[in-house]
Student: 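This structure is in C-alpha cells; I'll ask about it shortly.
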Amino acid sequence: MTKPIQAIRGMNDLLPEAAERWRRIEQRVIAVLDAYGYREIRLPIVEMTELYARSIGIATDIVEKEMYSFNDRNGDSLTLRPEGTAGCVRAGIENGLLHNQIQRLWYCGPMFRHERPQKGRYRQFHQIGVEAFGMAGPELDAELILMSARLWRALGVSDLELQINTLGTPHSRTEYRQHLVAYFESKRAQLDEDSVRRLGTNPLRILDSKNPALRELIQQAPNLLDHLDDDSRTHFARLRQLLDGAGLRYIVNPRLVRGLDYYSRSVFEWVSPRLGAQATVCAGGRYDGLVEQLGGKATPAAGFAIGLERLVEICAAHDGVSPNASVQVYVAMLGEPAERMGMQLAERLRDRGLRVVCNSDGGALKNQMKRADRSGAIFAVVLGDDECRSGQVSVKSLRADEPQQQVAQERLAEHLSRRLNIAHT
Ligand code: HAM
C-alpha cells in the first residue's frame, strides 16, 4: 500500500466545521473594522527576503531563524511572509497610498514562521491585521486600542488583559540601550547563552526572556521609562489619559518590548489568562520610522495584528457566536423524473436565498432521510413519482416533531422562507 502523505508539521487543516466557525468570527471582526472606517487590502504571500531584513530587523528571532526563505528560478531570495506590516508598507509606498494621505487598512491571511510548534504556536498561522498611516498623535494609538476592545466585546470575550508600554524614539532607545548593555555586562556570568548572544545583537530582547532564572535580574534592570525623550513621554501620558477617559483598564508593563525592531513609542498586547504559554492574542504599536526606512517619505503609522488561532480558541469557551452558514433544506428524490424535477426546484429555492443540498447517488428513502439529518438541514423536501404527477411535494421538519405537510411546488420557496424566518427569530 502507498504511504499517505501528511501535512507539514505546524501547518494545520481547517476542517469544514472549524472553517465555518472561523468565518463567523472573521465576519464579526470585519464588521467592527468597517465601523471604524478601515478598508481591506489584499497582499502577496511571498515578498523579497530583503523586505523583512530591513523592517523586522536582522537581529530578531524572526529574521535570524524563523523565515521560510528560498531562491526562486531567477535566483531571487524570496520569503513566505512572517507577518503583514512590512508587506503593507511596501504596497503602500509602491502604490502611492501613503505620502500626505490618511489610510486605514486591514488584511487577513496566513503567515509563516519556522518556530517550534506547540499549542497556540504554529508554522502556518493566520492574522487579521490593521495598519493606519498618516496620523502622528496618540489619538490613533487610542483608536486602535479601543477598536480592539470593541472586537472582544463583539465576540463575547471579556477576560483579556491589556498591557501597554512605550519604546520612545530610536534616539532615546539607543541611549537606553547603552545603560542596559552596561547593566547586563556587569551581570554577564548570570546570563544564559541566549541572553549573552542578545547582549551583542539585540539587548532589549533580554527583557523579554522567558527564563525564570533571569526574572530577578530583569526586574532590576534599568527602566526604559526613565530614559524617555520628552515628546515620547507626553505622547504616552496623553495615550493613558485617552484610555482612562474611555474607562479602559490596562497595565503599564515596562518589559513589553515586542519581537520586531520597527516599533517606536506606544506598543501594546492583549493577553489571555486561558492560553498558557502562548497567551498574546493581539499585539501591535506605533512604527513611525518604518515607511522611510523602506524607501518612502516619512509617514507616521501604527497598527496591530490578531492571531486567529488564538482568538478562535478563546471564543470557543464563550459561545456568543451563532451559526449562520449551515444547510437549511435537503431535497430527497426517488426515481429519475423526481431527480430532474428536484434539481430544478432546488435551483428555485436558491434563487430565493435558501441554502439547499440535493441528494445524490439515489438510495432508499430511509437512507436519504438519514443523510438529510446528517447534513444539518432544518427541512427535508421529498419528491417521488406521486409528487411529480400531483405537482406537490412533501415537506418534513427534521428538527421538530410535527406532521409532514403537502405543499404545491410553486409555493414551496415562499412556504420554506416563511417557516425558516419563523424558525430564525
Ligand atoms: P506579532 O506579535 O509578531 O506582531 O504577531 C501578532 C500576533 O500573531 C501574536 O500576538 C499572536 O497572536 C499571533 N502569532 C504570532 N506568531 C504566531 C505563531 N507562530 N502561531 C500562532 N500565532 C502567532 C506582528 O506580526 C506585527 N506585524 C503586528 C503589527 C501590525 N504591528 C503593527 N501592525
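Atoms within a ligand are numbered from 1 in the order they appear, just like the ligands themselves.
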Student: Which residue from G87, G303, S55 reaches closest to atom 32 (C) of ligand 1 through any of its heavy atoms?
Tutor: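 Among G87, G303, S55, the closest heavy atom to atom 32 (C) of ligand 1 belongs to G303.
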Student: If the cut-off is 4.0 Å to any non-hydrogen atom of A305, which atoms of ligand 1 fall inside it?
Tutor: 6 (C), 7 (C), 28 (C), 29 (C), 30 (C)
Student: With atoms numbered from 1 as shown, which atoms in ligand 1 lie under 4.0 angstrom from a non-hydrogen atom of V281?
Tutor: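 Heavy-atom distances to V281 below 4.0 Å select 12 (O).
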Student: Would you call R90 and E94 a salt bridge, taking side-chain N to carboxylate O under 4.0 Å as the test?
Tutor: yes
Student: Does a salt bridge link R123 with E115, judged by any charged N lying under 4.0 Å from a carboxylate O?
Tutor: no
Student: Give a yes/no on ligand 1: does E115 have at least one heavy atom closer than 4.0 angstrom to it?
Tutor: yes
Student: Using heavy-atom distances, let me know which of Q127, E131, E83 sits nearest atom 27 (N) of ligand 1.
Tutor: E83
Student: Mark up the atoms of ligand 1 that fall under 4.0 Å of a heavy atom belonging to A283, in ascending order.
Tutor: 2 (O), 10 (O), 28 (C), 29 (C)
Student: List every atom of ligand 1 that sits less than 4.0 Å from any heavy atom of G284, numbering the atoms from 1 in the order shown and giving each element.
Tutor: 31 (N)
Student: L260 heavy atoms, cut-off 4.0 Å: which ligand 1 atoms fall inside?
Tutor: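 Every atom of ligand 1 under 4.0 Å from some heavy atom of L260: 3 (O), 4 (O).
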Student: Just to confirm my output: which protein heavy-atom neighbour is closest to atom 20 (N) of ligand 1, and how far is it?
Tutor: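 Protein heavy atom at minimum distance: Y122 N, 3.0 Å.
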Student: Has ligand 1 got any nitrogen or oxygen that is less than 3.5 angstrom from a nitrogen or oxygen of Y107?
Tutor: no
Student: Looking at R286 and D141, is there a salt bridge between them, counting it only when a charged N and a carboxylate O are closer than 4.0 Å?
Tutor: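 Looking at R286 together with D141, the answer is yes, because their closest N to O distance falls below 4.0 Å.
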Student: Under 4.0 Å, heavy atoms only, figure out whether ligand 1 is touched by the backbone of F304, its side chain, both or neither.
Tutor: backbone
Student: Please test R150 against Y36 for side-chain hydrogen bond (donor to acceptor under 3.5 Å, both in side chains), starting from the C-alpha separation and ending with a verdict.
Tutor: CA-CA 10 Å; R150 182 178 293 275; Y36 284 77; 3.0 Å; yes
Student: Is the closest basic N to carboxylate O distance between K65 and D61 below 4.0 Å?
Tutor: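 Here K65 pairs with D61 in a salt bridge, since their nearest N and O are under 4.0 Å apart.
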Student: Suppose I only count heavy atoms of Y263 and a 4.0 Å limit; which atoms of ligand 1 are within that range?
Tutor: 26 (C), 28 (C), 29 (C), 31 (N), 32 (C)
Student: Nearest non-hydrogen contact with atom 12 (O) of ligand 1 belongs to which option: I62, L308, T280, I306?
Tutor: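 Checking each option, the heavy atom nearest atom 12 (O) of ligand 1 is found in T280.
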Student: Ion pair present between R42 and E40, side-chain N to carboxylate O less than 4.0 angstrom?
Tutor: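 Salt bridge present between R42 and E40.
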Student: Within ligand 1, which atoms have a heavy atom of G120 less than 4.0 Å away?
Tutor: 20 (N), 21 (C), 22 (N)
Student: If you have a sec, work out which protein heavy atom is nearest atom 13 (C) of ligand 1 and how many Å separate them, to one decimal?
Tutor: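 Among all protein heavy atoms, the one nearest atom 13 (C) of ligand 1 is G307 CA, 3.6 Å.
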Student: At a 4.0 Å threshold, what atoms of ligand 1 neighbour a non-hydrogen atom of T85?
Tutor: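 Near T85, meaning under 4.0 Å from one of its heavy atoms, ligand 1 has 26 (C), 27 (N), 29 (C), 30 (C), 31 (N), 32 (C), 33 (N).
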Student: May I ask you to identify, for Y262, whether its side chain, its backbone, both or neither come under 4.0 Å of ligand 1 on a heavy-atom basis?
Tutor: side chain
Student: Do D194 and R198 sit within salt-bridge range, that is, some charged N less than 4.0 Å from a carboxylate O?
Tutor: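 Salt bridge present between D194 and R198.
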Student: Is it the side chain, the backbone, both or neither of R121 that has a heavy atom closer than 4.0 Å to ligand 1?
Tutor: both
Student: How close do L146 and A246 get, heavy atom to heavy atom, and via which atoms?
Tutor: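 Closest approach of L146 to A246: CD2-CB, 3.6 Å.
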Student: For the pair D373 and K370, find out whether any cationic side-chain nitrogen is under 4.0 Å from an anionic carboxylate oxygen.
Tutor: no
Student: Identify which of M111, R113, R258, R81 has a heavy atom lying nearest to atom 3 (O) of ligand 1.
Tutor: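 Nearest heavy atom to atom 3 (O) of ligand 1 lies in R113.
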Student: Between L239 and A142, what is the shortest heavy-atom contact and its length?
Tutor: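 Of all heavy-atom pairs spanning L239 and A142, the closest is CD1-N, 3.6 Å.
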Student: Evaluate the side-chain proximity of R81 to L43: yes if any heavy-atom separation is below 4.5 Å, no if none is.
Tutor: yes
Student: To the nearest 0.1 Å, how far is atom 14 (N) of ligand 1 from its closest protein heavy atom, and which atom is that?
Tutor: F125 CE1, 3.5 Å
Student: Salt bridge (charged side-chain N to carboxylate O under 4.0 Å, His left out) for R197 and E193? Distances and angles first, verdict last.
Tutor: CA-CA 6 Å; R197 192 176 54 79; E193 198 185 321; over 6 Å; no
